[in-house]
*Asks:* 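Below is a structure I'd like to ask you about.
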Amino acid sequence: MSFLLNKELKTIKQREHDYLAQKHQVDVSLDETKTKARHIMGNPETLAAIFTAGAFKGAKTDSPKSKRNQAVTSLIRTAVISFIQ
């Protein structure tokens, strides 16, 4: 009986260790993804592409002034967030 109990306790400890290792890998991957996304969003080319896409979309809609304002606001917000971080 004691042998089976010790075997199960050892299995539980191994599974807990595996879980913590996987959780750590997920945290590391998430941090790397956030960093890469910040670097992409901070590039001037990306900011210009976002602005251009928004301006083009705004020019093609029925209410271009509001869409242009939304594109400019999006560009400014992205630039400010990139500089803050």
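Counting from 1, the numbers follow the sequence of the chain as shown.
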*Asks:* Under 3.5 Å, is there a donor on one side chain and an acceptor on the other for Q14 and D18?
*Replies:*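 A donor-acceptor contact under 3.5 Å links the two side chains.
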*Asks:* Measuring from atom CD1 of I12 to atom CZ of R15, what distance do you get when rounded to the nearest 0.5 angstrom?
*Replies:*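 If I round to the nearest 0.5 Å, the distance is 9.5 Å.
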*Asks:* Roughly how far, to the nearest 0.5 Å, is CD of Q22 from OG of S29?
*Replies:* 11.5 Å
